[in-house]
S.K.: 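The structure's right below; bear with me while I get my questions together.
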There are 2 protein chains.
Amino acid sequence: MSTSPRATRRTVGITEVARHAGVSPGTVSNVLNRPERVAATTRRKVEAAIAELDYVRNSSGSSLRSGRSGSVGLLVLDVTNPFFTEVARGVEEEAATAGLAVVLLNSAEQQDRQRRNLRLLAEQRAAGAVVMPVDDDLSDLVWLARQGTAWVALDRGDVSEEVGCSVSVDNHAGGLAAGRHLIGLGHERITFLTGPFAIEQVRRRHDGLREACAEAHLDPDQAVRVIEQPQLNADHGERAVDAVLAGGPRRRPQAVFCANDQLALGLMKGLGRRGIRVPEDISVVGYDNVDFADLVHPGLTSVAQPKFDLGRSAMRLLISELNDPDHRHERTWFTPELVVRGSTAARRT
Amino acid sequence: MSTSPRATRRTVGITEVARHAGVSPGTVSNVLNRPERVAATTRRKVEAAIAELDYVRNSSGSSLRSGRSGSVGLLVLDVTNPFFTEVARGVEEEAATAGLAVVLLNSAEQQDRQRRNLRLLAEQRAAGAVVMPVDDDLSDLVWLARQGTAWVALDRGDVSEEVGCSVSVDNHAGGLAAGRHLIGLGHERITFLTGPFAIEQVRRRHDGLREACAEAHLDPDQAVRVIEQPQLNADHGERAVDAVLAGGPRRRPQAVFCANDQLALGLMKGLGRRGIRVPEDISVVGYDNVDFADLVHPGLTSVAQPKFDLGRSAMRLLISELNDPDHRHERTWFTPELVVRGSTAARRT
DNA sequence: CACTCGGATTGAAACGTGTCAATAACTTTC
DNA sequence: GAAAGTTATTGACACGTTTCAATCCGAGTG
């Protein structure tokens with residue numbers, strides 16, 4: 001509603017609103033932050049002035065004064081991975097109920113990018129952060145907490161309550177479930193196709209698989225072969241096909257358990273190219289139960305993680321840490337669930 | 001390196017650094033922002049003090065004083081859609097070169113969420129924003145510009161240079177390419193499976209398809225049937241299968257052109273359930289060429305958009321607008337490219 | 001040697017908000 | 001109707017930074 005399109009930049013502040021409404025700046029501030037403390041009639045006057053002047057609050061000013069900003073960071077390992085975006089939705093939804101703005105940051109699985117992003121959060125005096133750490137080194141997070149920014153670690157089980165809150169999924173149980181399923185179908189030569197073992201989640205899933213073998217009186221060293229790829233994406237899944245099939249039809253695995261759906265889907269594509277049928281020739285199991293797992297043909301059997309709830313409860317933990325003055329760090333565990341689809345079948349031979 | 005773990009919160013500011021280095025606060029500020037203006041020896045002194053005190057800049061203070069913050073917003077329609085996350089990568093990479101921090105916001109295709117997020121950017125005095133608008137109503141963006149936050153519209157062709165910069169892909173050309181491909185394969189009954197026609201991109205793709213018909217001397221009204229779904233996701237693609245197959249084998253379409261890969265993948269799943277084979281019984285074409293298009297079987301023929309470059313050039317435009325004082329709004333066009341895979345084949349009958 | 005010039009540094013004044021002790025206005029009580 | 005109590009409002013200050021005119025210093029010049 002400005003008169004001239006190129007009017008000089010007027011900078012409407014709390015003081016101008018106050019003048020316009022005939023009250024003091026302090027009252028305007030109260031209307032904005034603790035409306036219950038101000039009488040209804042003056043509140044309406046102030047609100048009218050705000051609307052008329054098209055006042056928009058300057059969050060730099062407020063967070064400078066109060067020492068903390070009203071936004072929280074969400075640092076994910078890979079914005080491209082559907083697993084993380086689903087988690088992000090959970091975080092966002094919960095943050096919205098607390099009136100917190102979420103800034104999404106991407107570490108792309110690189111330590112220096114993680115460090116840069118954490119520093120950014122410190123500079124912005126972010127209220128808190130939900131972080132999926134790239135590796136076991138949590139020293140940067142400890143630093144962040146010392147700067148006054150609280151955090152919750154996501155999907156990393158080995159964070160002790162001494163250091164901070166965490167919410168994670170039981171990766172051992174996931175590996176165990178996948179292993180039991182495959183062994184139950186009669187498979188005795190299983191390949192574990194994975195990313196770097198430096199990733200804790202991957203190690204646990206592997207352990208779970210091996211435990212399933214032991215349960216069934218199979219020697220894990222005999223039954224399980226490991227193929228380690230540098231990254232957990234579809235491209236590396238496809239490239240792994242040679243290694244998976246090495247040894248010819250007699251020694252090739254009857255089933256492949258992939259540490260990740262992307263790997264599994266890539267592998268399935270590679271197998272298709274080779275003319276190997278899934279599940280007739282080889283069963284495939286993925287991990288994460290990404291939406292797309294249901295869209296390929298055959299549907300991908302996968303270990304489902306409660307992605308949305310994961311994000312939501314991480315944010316809840318963070319909010320409680322922000323509000324509760326004598327908060328003790330907590331650890332929340334989720335249990336994964338196997339979703340069986342067409343990519344796994346009973347052993348044929 | 002603090003002595004006691006629960007030391008009282010010291011708030012190391014620019015002034016304390018100055019005192020420690022034996023210079024004035026102004027000099028410290030210069031070291032941080034225009035290092036070339038300060039002599040090498042004093043600069044080193046200041047840097048030493050910064051390191052020793054573990055000083056971390058308070059961005060609230062600086063953006064309060066300077067009137068603008070050093071971060072830009074990226075407002076996407078759907079964080080869950082791989083298309084947008086790929087765009088986000090391009091934006092991020094380019095922003096990093098300019099030292100800008102990107103905050104990723106999600107409008108979830110809802111107008112009120114878009115509005116809320118734009119308001120947030122105004123409150124934070126963001127330097128700029130890359131925005132994918134939810135609909136044709138750009139008034140909130142005009143408002144944002146009046147608040148001093150520059151923006152670039154992404155993937156919306158009808159933004160005039162009067163209003164702002166934009167970068168988009170020629171959706172008409174995409175529809176045309178898909179149509180030519182299908183008609184070239186001999187298909188004469190084509191269904192256009194789409195989201196709401198309120199979305200401009202969708203209308204253009206439809207126009208392109210019809211033009212392809214006209215080129216081939218087919219009456220578009222005869223050849224093209226439209227099925228409109230409320231959302232562009234896999235779920236609605238799958239649900240559309242009844243409508244697609246309506247009319248029985250004789251009247252059913254020979255090919256389906258989907259406005260979106262998610263729709264296409266959902267549809268393919270639904271067709272599989274019904275025992276309809278792709279491409280033998282029906283050819284399917286998608287749009288966006290999402291990574292997963294290559295992972296399903298058969299591979300999904302799709303119209304590829306230069307996702308990464310789209311994000312990158314939007315950010316470039318924004319940066320030039322921020323730096324160049326007498327900037328004129330620009331419009332950048334990209335041309336999509338058809339990627340042929342296994343989901344399309346010549347007409348059988 | 002006096003003078004000028006240019007680069008390096010300083011110091012104080014904002015930027016817009018939240019806080020809090022102090023005051024004002026209003027209500028209740030006896 | 002005055003005192004005591006309660007609720008609303010005020011006003012000045014501080015948060016940490018950037019900016020800019022003013023000052024300082026040392027080197028070059030006539």
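To find a chain, count down the sequence lines: A is the first, B the second, and so on, and within it residues start at 1.
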S.K.: Please state how far atom CD1 in Ile14(B) lies from atom P in dT17(D), giving the value in whole angstrom units.
M.R.: 5 Å
S.K.: Remember a base hit wins even if backbone is also touched, and classify Ser62(A) as base, sugar-phosphate or nothing at under 4.0 Å, heavy atoms.
M.R.: sugar-phosphate
S.K.: Is Val152(A) close to Val167(A) at the side-chain level, that is, under 4.5 Å between some pair of heavy atoms?
M.R.: yes
S.K.: Would you say the side-chain atoms of Ser168(A) and Ser166(A) include a donor-acceptor pair closer than 3.5 Å?
M.R.: no
S.K.: Do Glu16(A) and Tyr55(A) come within less than 4.5 Å of each other through their side chains, counting heavy atoms only?
M.R.: no
S.K.: So that I can tick it off, tell me whether Arg89(A) and Glu92(A) are bridged by a salt bridge, with the cut-off set at under 4.0 angstrom between side-chain N and carboxylate O.
M.R.: no
S.K.: For Gly13(A) and for Thr42(B), find the nucleotide of DNA chain C with the closest heavy atom, then tell me which residue's nucleotide is more 5'.
M.R.: Thr42(B)
S.K.: In whole angstroms, how far is the C1' atom of dT17(D) from the CZ atom of Arg125(A)?
M.R.: 11 Å
S.K.: State whether Asp112(A) and Arg115(A) are salt-bridged, where the test is any N-O pair (Lys NZ or Arg NE/NH1/NH2 against Asp/Glu carboxylate O) under 4.0 Å.
M.R.: no
S.K.: To the nearest angstrom, how far is Arg37(A) atom CZ from dT19(C) atom P?
M.R.: 9 Å
S.K.: Charged N to carboxylate O below 4.0 Å: is that the case for Arg156(B) and Asp136(B)?
M.R.: yes
S.K.: Below 3.5 Å is the cut-off: list the nitrogen or oxygen pairs between protein and nucleotides 19-26 of chain D, distance only.
M.R.:
unit_1  : atom_1 : unit_2   : atom_2 : d
dT19(D) : OP2    : Arg34(B) : NH1    : 3.3
dT19(D) : O4'    : Arg65(B) : NH2    : 3.4

S.K.: Using atom CD of Glu36(B) as one end and atom P of dT9(C) as the other, report the distance to the nearest whole Å.
M.R.: 13 Å
S.K.: To the nearest Å, give me how far apart CG (Asn58(B)) and P (dC15(C)) are.
M.R.: 19 Å
S.K.: Got a salt bridge between Arg57(A) and Glu123(B), using NZ or NE/NH1/NH2 to carboxylate O under 4.0 Å?
M.R.: no
S.K.: Between Thr11(A) and dG16(C), does any side-chain N or O lie under 4.0 Å from OP1 or OP2?
M.R.: yes
S.K.: Do any N or O atoms of the protein come closer than 3.5 Å to N or O atoms of nucleotides 21-28 of chain C, and which pairs are they?
M.R.:
none

S.K.: Rounded to whole Å, how long is the line connecting atom CD of Glu123(B) with atom C1' of dG16(C)?
M.R.: 13 Å
S.K.: Given atom CG of Leu64(A) and atom P of dC15(C), what is their separation to the nearest angstrom?
M.R.: 14 Å
S.K.: OP1, OP2 of dG16(C) versus side-chain N and O of Ser60(A): anything below 4.0 Å?
M.R.: no
S.K.: Contact between Asp155(A) and Phe334(A) at the side-chain level, heavy atoms closer than 4.5 Å - yes or no?
M.R.: no
S.K.: Distance check needed: dG16(D) C1' versus Arg19(B) CZ, whole Å only.
M.R.: 13 Å
S.K.: Assess whether a salt bridge exists between Arg43(B) and Glu36(B), defined as any Lys/Arg side-chain N lying under 4.0 Å from an Asp/Glu carboxylate O.
M.R.: no
